[in-house]
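Shown next, in structure tokens, is the structure this report addresses.
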Amino acid sequence: MRTLIPVLCTSGLAAEAKVARAAGFQVIVGAGDPERTTALVQAAIRQAKCLISFGIAGGLAPDLRAGDVVLSTEVIGHDRTWRADERVQHEVRDLARRIGAVEGPVLGAGDLLASEDGKAQAWRDTGALAVDMESAIVARVAESAGIPFLVLRTIADSATRELPPAALIPLLQDGTPSLTRVFGEVLRRPRQIAALWGLARETRRALIALAGPAHAVRGAFFAA
């Protein structure tokens with residue numbers, strides 16, 4: 001693949017953006033808001049030659065665990081699927097083997113998949129390995145702009161992990177949790193604390209696991 005600089009990463013969380021910037025990427029943070037994410041990507045697209053959907057994801061494939069890496073050039077949206085050309089797919093498969101990542105389709109969803117049943121149904125319906133809220137936006141805008149896209153994600157919540165109510169509270173615009181609302185939700189329903197701590201532990205594992213692949217992708221495809 002020829003050198004493609006600059007590269008724009010699209011993430012939902014501020015913590016994901018920190019990892020992307022440390023690897024040398026430019027990044028925008030959509031904070032899990034599809035309309036805001038679309039507007040930000042479209043505003044920045046003129047300065048980019050490649051888009052990357054970057055960060056953590058929910059697992060759909062039953063064998064994926066927290067910290068597993070997914071590298072993809074195929075995104076399944078609610079109305080269509082996007083795929084890179086054969087040459088790019090081949091090179092991404094080769095890199096996936098080298099870094100120990102799983103290569104395969106990712107589901108771009110408009111909302112969080114919070115339940116085990118919902119994830120299982122999405123897996124059966126689409127065959128996607130993982131799900132996030134930015135990849136369909138990235139693929140759609142990249143196609144419109146005539147530039148390539150990639151998906152680099154690590155699994156935070158596995159297919160069997162149910163997201164507790166506090167984890168579903170919308171992020172602040174800077175991509176950080178609304179701690180006041182989270183604490184309020186925990187006080188109302190304290191039984192979710194164990195699940196919330198488990199999710200936090202797995203999310204941290206996923207963010208740590210994201211750093212190495214981010215540098216590998218940068219070095220393999222986008223280094224000057």
Side-chain angles (χ1 to χ4, degrees), residues 1-57 69-75 77 82-85 87-89 91-92 95-96 98-99 101 103 106 108-110 130-156 170-177 203-204 206-224:
M1 188 183 301
R2 64 187 176 87
T3 300
L4 298 168
I5 298 174
V7 181
L8 181 66
C9 288
T10 304
S11 298
L13 297 170
E16 296 166 333
K18 184 178 180 180
V19 177
R21 292 188 183 108
F25 292 117
Q26 300 178 54
V27 60
I28 61 172
V29 179
D33 181 331
E35 291 186 3
R36 182 171 184 270
T37 301
T38 300
L40 288 171
V41 176
Q42 289 176 337
I45 193 66
R46 292 181 182 177
Q47 301 175 8
K49 295 182 180 178
C50 182
L51 295 181
I52 300 180
S53 174
F54 184 92
I56 61 175
V69 181
V70 176
L71 189 61
S72 180
T73 55
E74 180 178 353
V75 174
W82 294 267
R83 294 182 181 89
D85 64 45
R87 181 172 60 87
V88 174
Q89 290 181 43
E91 295 187 1
V92 167
L95 177 61
R98 296 203 308 267
I99 67 175
E103 192 273 331
V106 170
V131 58
D132 67 71
M133 295 179 64
E134 290 81 35
S135 287
I137 296 170
V138 165
R140 191 182 302 275
V141 175
E143 180 186 63
S144 178
I147 63 176
F149 73 89
L150 297 173
V151 179
L152 174 57
R153 296 275 169 173
T154 52
I155 301 301
L171 299 167
L172 299 175
Q173 283 198 352
D174 65 356
T176 60
T203 298
R204 176 174 172 77
L207 288 168
I208 291 172
L210 189 59
H215 284 275
V217 167
R218 175 74 181 181
F221 295 150
F222 308 117

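Predicted model, so just to flag it, every value in this text is computed and none were measured.
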Do the non-hydrogen side-chain atoms of Ser53 and Val75 ever get within less than 4.5 Å of each other?
no
Name the atoms and distances for all side-chain donor-acceptor pairs under 3.5 Å in residues 17-33, with sequence neighbours left out.
from: Asp33; atom 1: OD1; to: Glu35; atom 2: N; distance (Å): 3.1
from: Asp33; atom 1: OD1; to: Arg36; atom 2: N; distance (Å): 3.2

Separation between CD1 of Ile137 and OG1 of Thr38, rounded to the nearest 0.5 Å:
3.5 Å
Residues Leu150, Val7; criterion side-chain contact (heavy atoms from CB on, under 4.5 Å); working and verdict:
CA-CA 10 Å; Leu150 297 173; Val7 181; over 6 Å; no
What closest approach, in Å, do Ala109 and Val131 show between heavy atoms, and which atom pair accounts for it?
CB-CG2, 3.6 Å
If you round to the nearest 0.5 Å, how far is CD1 of Ile52 from CD of Glu134?
13.5 Å
Return yes if some donor-acceptor pair links the side-chain N/O of Gln89 with the main-chain N/O of Ala84 below 3.5 Å, else return no.
yes
If you apply the rule side-chain contact (heavy atoms from CB on, under 4.5 Å), what do you find for Leu51 with Ile147, and how did you get there?
CA-CA 8 Å; Leu51 295 181; Ile147 63 176; 4.0 Å; yes
Asp132 to Ala57 - nearest heavy-atom pair and separation:
CB-CB, 4.4 Å
Hits for side-chain hydrogen bond (donor to acceptor under 3.5 Å, both in side chains) against Asp174, two or more places apart or cross-chain, chain-then-number order -> Thr176
Looking at side-chain heavy atoms only, is the closest gap between Val88 and Pro148 below 4.5 Å?
no
At what distance, to the nearest 0.5 angstrom, does OG1 of Thr73 lie from CD of Glu91?
11.0 Å
Could you tell me the separation between the OG atom of Ser11 and the CZ atom of Arg153, rounded to the nearest 0.5 Å?
6.0 Å
Nearest heavy-atom contact between Gly110 and Met133 is O-CE, 3.3 Å
Within the structure provided, determine whether Phe54 and Leu210 are in side-chain contact (heavy-atom separation under 4.5 Å).
yes
Heavy-atom side-chain contact between Val138 and Val151 under 4.5 Å:
no
Closest non-hydrogen contact found for Leu172 with Pro177 is CD1-O, 3.8 Å
On a heavy-atom basis, which atom in Ile99 and which in Ala216 lie closest, and how many Å separate them?
CG2-CB, 3.7 Å
How many angstroms lie between CD1 in Ile56 and CD1 in Ile155, if you round to the nearest 0.5 Å?
9.5 Å
To the nearest 0.5 angstrom, please state how far the CG atom of Leu40 sits from the CD atom of Gln173.
9.0 Å
Determine whether more than 12 heavy atoms belonging to other residues, nucleotides or ligands lie under 6.0 Å from atom CZ of Arg46.
no
side-chain hydrogen bond (donor to acceptor under 3.5 Å, both in side chains) against Thr154, all qualifying residues, sequence neighbours excluded
none
